[in-house]
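Single-structure report; data block below.
Indexing begins at 1, ligand by ligand and atom by atom, following the structure's order. Just so it is clear, the model here is predicted, and its values are computed rather than measured.
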Amino acid sequence: MNFRKELKERMLVGEGAMGTLLYSNGIDQCYEELNCTNPDQIESIHRAYLEAGADILQSNTYGANFNKLKRYGLEDEVSRINRQGVILAKKAAKGKAYVFGTIGAQRSIRKSDLSMEEIKRGFREQLYSLLMENPDGILLETFYDLEELETVLQIVKNETGLPIIANVSMHELGNLQNGIHLNEAFQKLEQLGADVVGVNCRLGPHHMIRALEEVSLPKQASIAIYPNASLPDYVDGRLVYKAVPEYFGSSALELREQGAAIIGGCCGTTPLHIQAVKHAIGSLAPVKEKFTKSREIEVIEVNDRELELPLYEKAKTERTILVELDPPKKLGIESFMTGAEVLKKAGVDSITLADNSLASPRISNDALANLLKNQLNINPMVHITCRDRNLIGLQSHLMGLQTVGLNEILIITGDPSKIGDFPGATSVYDLSSFDLISMVKQFNEGLSYSGQSLGQRANFKIAAAFNPNVKYLDKAVLRMEKKIACGAQSFLTQPIYSVEQIEEVYEATKHLETPIFIGIMPLTSTRNAEFIHNEIPGIKLPDNVRRAMALAGDDPVKSRIEGVNIARELVDAAREKFKGIYLITPFLRYEMTAELTKYIRKVDSKQTSEVAVHE
Ligand SMILES: Cc1cc2nc3c(=O)[nH]c(=O)nc-3n(C[C@H](O)[C@H](O)[C@H](O)COP(=O)(O)OP(=O)(O)OC[C@H]3O[C@@H](n4cnc5c(N)ncnc54)[C@H](O)[C@@H]3O)c2cc1C
Ligand SMILES: [Zn+2]
């Protein structure tokens, strides 16, 4: 038997599912452990697949890596479980089928914290264990993350000359994560030396056929397709699959027409599905040519609704004042709307609205931003955190904002739920602030997260956060640079409380062209000052500031005056170096930020007229 030769001559049949089959037999434990604890059961499943017509058996070692076995306390059993997996498949094959050592991805469809170094380590250990038992090839499967697959494929190539099947999993029809098209992924994997490039899991035969229609035949490599039995249904907390083996079998012919040379099955498939595949394709040869549909890319029209200069552009050349006015925590918006009106009259360029700041629910900022825009003709900036919405919610939110013309946005990670009013609530964090910035940039190119056309380009103006209240300012600046590379067009800082710090920020960031809005939040009382100084991480108030607030004591009027006076000094320092000023309204006390706005406008216009007189 020569796998590489036979692959070119006739269609080969792969195995079907192992995990879901075991589960349907009532087993709910680490499936790979069964290689050692119940070898007969695993061997008999392999045998059933062999008898159904499988030409390639794959060891029951999908999740047999250090990181996954650790969940079951089996991390010391990597070698035994993998070796035993190959031994069992070989025993069942009896020389009548090829036996491939299976290695599944370690990063799943959800974002994983595993670093590439951890992945490589776990991967190598599994690979060496499998190779000890001389399989006929290596099968890499269920890779949602192409980077991970590319990395491990290179390792296999370096370690062995055995045939390699490299299977990705699609995120969405035709696309991998981050919008990489299947055709492109196949080309990359072929270049890295995979004998077979393929797709497994997540989607059923229908979507696999549709996706293959836009994929051309690789130059050298063959294509493998391991569809799930159907799309899944969610029952009692588990994914279950509709099992229609005849339909699965008839789909095999269409998969062949679209270029598949190996057809097997993934989740939900059984020996009956594999039998139906074998029955359908008989001893046919793989196709040598096919018609490839050109990729459907809708015409993306530029959405030309630009009425005002974007804030980040404005802040490059002229004074630009943003004032944060947060949505109320209770129903009733009179004082919020009055505040917005007062701020508008004072001369702000935009009002920014936090997204449930400090992880506590407030009236949704997009609803209020809409009111500000439509009722007061204010150009608002909407904060968007990664905390409260998953990848679906974030995309829908962005499409909604684009639709109603709320295009100025500030992207932040978001304070974690555990610090807020509902500490037990989930902090979603499907995306980091970097990921979300990149996704919005992609929206601006007319593409969704997974690279599907949105029909139009969005025109978001992307602001991001910069926290200078950290131990190592240079590290925070590196984060800014990374955010700029992702697509950030301006920065708003956490509040700064000393003139020296404004100088430091200027020195540390003067090489950047991206405008920075310096955050200034007036203090409201001595208690407020002491809280910030003693309890907010990273913030230290200068002694003279604390003394001045303490002198104002409990008198609210004196405190307000002192708070504004201190903020003025900071504003003066910031004005010298930065065009962008970001005033944060404390506790809806808009009269303080309005006063500061008027002050900035006044001193700016005084300076302008002084210059004019001079000229
Ligand atoms: C202008 C502005 C507006 C904000 N608006 C909101 C809002 O509307 N809603 C809300 O819930 N929160 C808001 N926040 C709070 C913000 O979400 C938290 O401060 C968050 O932890 C940091 O957000 P980021 O986007 O700057 O995080 P990122 O830059 O993505 O950083 C994420 C995490 O990395 C770590 N990190 C960052 N920099 C460093 C460093 N230099 N050294 C070590 N570790 C670091 C920190 O743990 C940080 O939490 C806002 C903050 C700012 C500055
Ligand atoms: Zn699967």
Of the protein's non-hydrogen atoms, which lies at the shortest distance from atom 16 (C) of ligand 1, and what is that distance?
Asp415 OD1, 3.9 Å

Answer with yes or no whether the side chains of Thr352 and His383 bring together a donor and an acceptor at under 3.5 Å.
yes

Rounded to 10 degrees, what angle sits at the Zn ion (ligand 2) between Cys267 SG and Cys266 SG?
130°

Decide whether Tyr582 and Glu324 meet the rule of one side-chain donor and one side-chain acceptor closer than 3.5 Å.
yes

Heavy-atom nearest neighbour in the protein, as seen from atom 6 (C) of ligand 1, with distance rounded to 0.1 Å:
Ile412 CD1, 3.6 Å

Thr385 neighbourhood, listing ligand 1 atoms whose heavy-atom distance to it stays under 4.0 Å:
9 (N), 10 (C), 11 (O)

Under 4.5 Å between any side-chain heavy atoms of Ile103 and Phe123, yes or no?
yes

In ligand 1, which numbered atoms sit nearer than 4.0 Å to a non-hydrogen atom of Asn356?
11 (O)

Do you see a donor-acceptor pair shorter than 3.5 Å between the side chains of His511 and Glu481?
yes

To atom 35 (C) of ligand 1, the nearest of Met480, Lys482, Arg479 on a heavy-atom basis is Arg479

Under 4.0 Å from atom 1 (C) of ligand 1, is there any protein heavy atom?
yes

Under 3.5 Å between some N or O of ligand 1 and some N or O of Asp355?
yes

Report yes or no: do Ser438 and Asp435 form a side-chain donor-acceptor pair below 3.5 Å?
no

Determine whether the side chains of Asn379 and Asp349 contain a donor N or O and an acceptor N or O closer than 3.5 Å.
no

Does a side chain donor of either Asn469 or Gln494 reach within less than 3.5 Å of an acceptor in the other side chain?
no

Below 4.0 Å from ligand 1: does a non-hydrogen atom of Asn467 turn up there or not?
no

Heavy-atom contacts with Ala476 under 4.0 Å: which atoms of ligand 1 show up? List them by number with element.
41 (N)

Heavy atoms from other residues, nucleotides or ligands near CZ of Phe422 exceed 12 (cutoff 6.0 Å):
no

Give the residue and atom name of whichever protein heavy atom lies nearest to atom 17 (O) of ligand 1, and the separation in Å to one decimal.
Gly414 N, 2.8 Å

Where does the angle between the aromatic ring planes of Phe460 and Phe443 fall among parallel (under 30°), tilted (30 to 60°) and perpendicular (over 60°)?
tilted

Less than 6.0 angstrom from the centroid, inside 45 degrees of the normal: does Lys483 satisfy that with respect to the ring of Phe491?
no

Tell me whether atom 42 (N) of ligand 1 lies less than 4.0 Å from at least one protein heavy-atom position.
no

Ligand 1 to Glu324 polar contact by distance, N or O atoms, under 3.5 Å:
no

Is it the case that Glu313 and Gln489 place a side-chain donor and acceptor less than 3.5 Å from each other?
no

Under 4.0 Å from any heavy atom of Ala354, which atoms of ligand 1 are there?
8 (O)

Looking only at protein heavy atoms, which one is nearest to atom 27 (O) of ligand 1, and what is the separation?
Thr413 OG1, 3.1 Å

Does an N or O from His383, backbone or side chain, lie closer than 3.5 Å to an N or O of ligand 1?
yes

Less than 4.0 Å between atom 49 (O) of ligand 1 and some protein heavy atom, yes or no?
no

Is there a protein heavy atom less than 4.0 Å away from atom 11 (O) of ligand 1?
yes

When you measure from the heavy atoms of Ser432 to every atom of ligand 1, does any distance fall below 4.0 Å?
no

Sub-3.5 Å N/O-N/O distance, Lys483 and ligand 1:
yes

re atom 52 (C) of ligand 1, the protein heavy-atom contact at minimum distance is Ala465 CB, 3.8 Å

Flag for Asn200-Thr142: side-chain donor and acceptor within less than 3.5 Å:
yes

Gln402 and Asn407: side-chain donor and acceptor closer than 3.5 Å?
yes

For Tyr23, is the NZ or CZ atom of Arg238 found under 6.0 angstrom from the centre of its six-membered ring and inside 45 degrees of the ring axis?
yes

Would you say Arg387 and ligand 1 have an N/O pair spaced under 3.5 Å apart?
yes

4.0 Å protein heavy-atom contact status of atom 21 (O) of ligand 1, strictly under:
no

Donor-acceptor pair between Asn35 and Asn60 side chains, under 3.5 angstrom
yes

What do you reckon, does Tyr582 put a non-hydrogen atom under 4.0 Å from ligand 1?
yes

Minimum-distance protein heavy atom relative to atom 3 (C) of ligand 1:
Leu410 CD2, 3.5 Å

May I ask you to check if Lys577 and Tyr506 form a cation-pi contact, with NZ or CZ under 6.0 angstrom from the six-membered ring centre and within 45° of the axis?
yes

Return the residue, atom name and 0.1 Å-rounded distance of the protein heavy atom closest to atom 19 (O) of ligand 1.
Gln494 NE2, 3.3 Å

Taking distance alone, with N or O pairs closer than 3.5 Å, would you say Leu492 contacts ligand 1?
no

Would you confirm whether any non-hydrogen atom of the protein falls under 4.0 Å from atom 46 (C) of ligand 1?
no

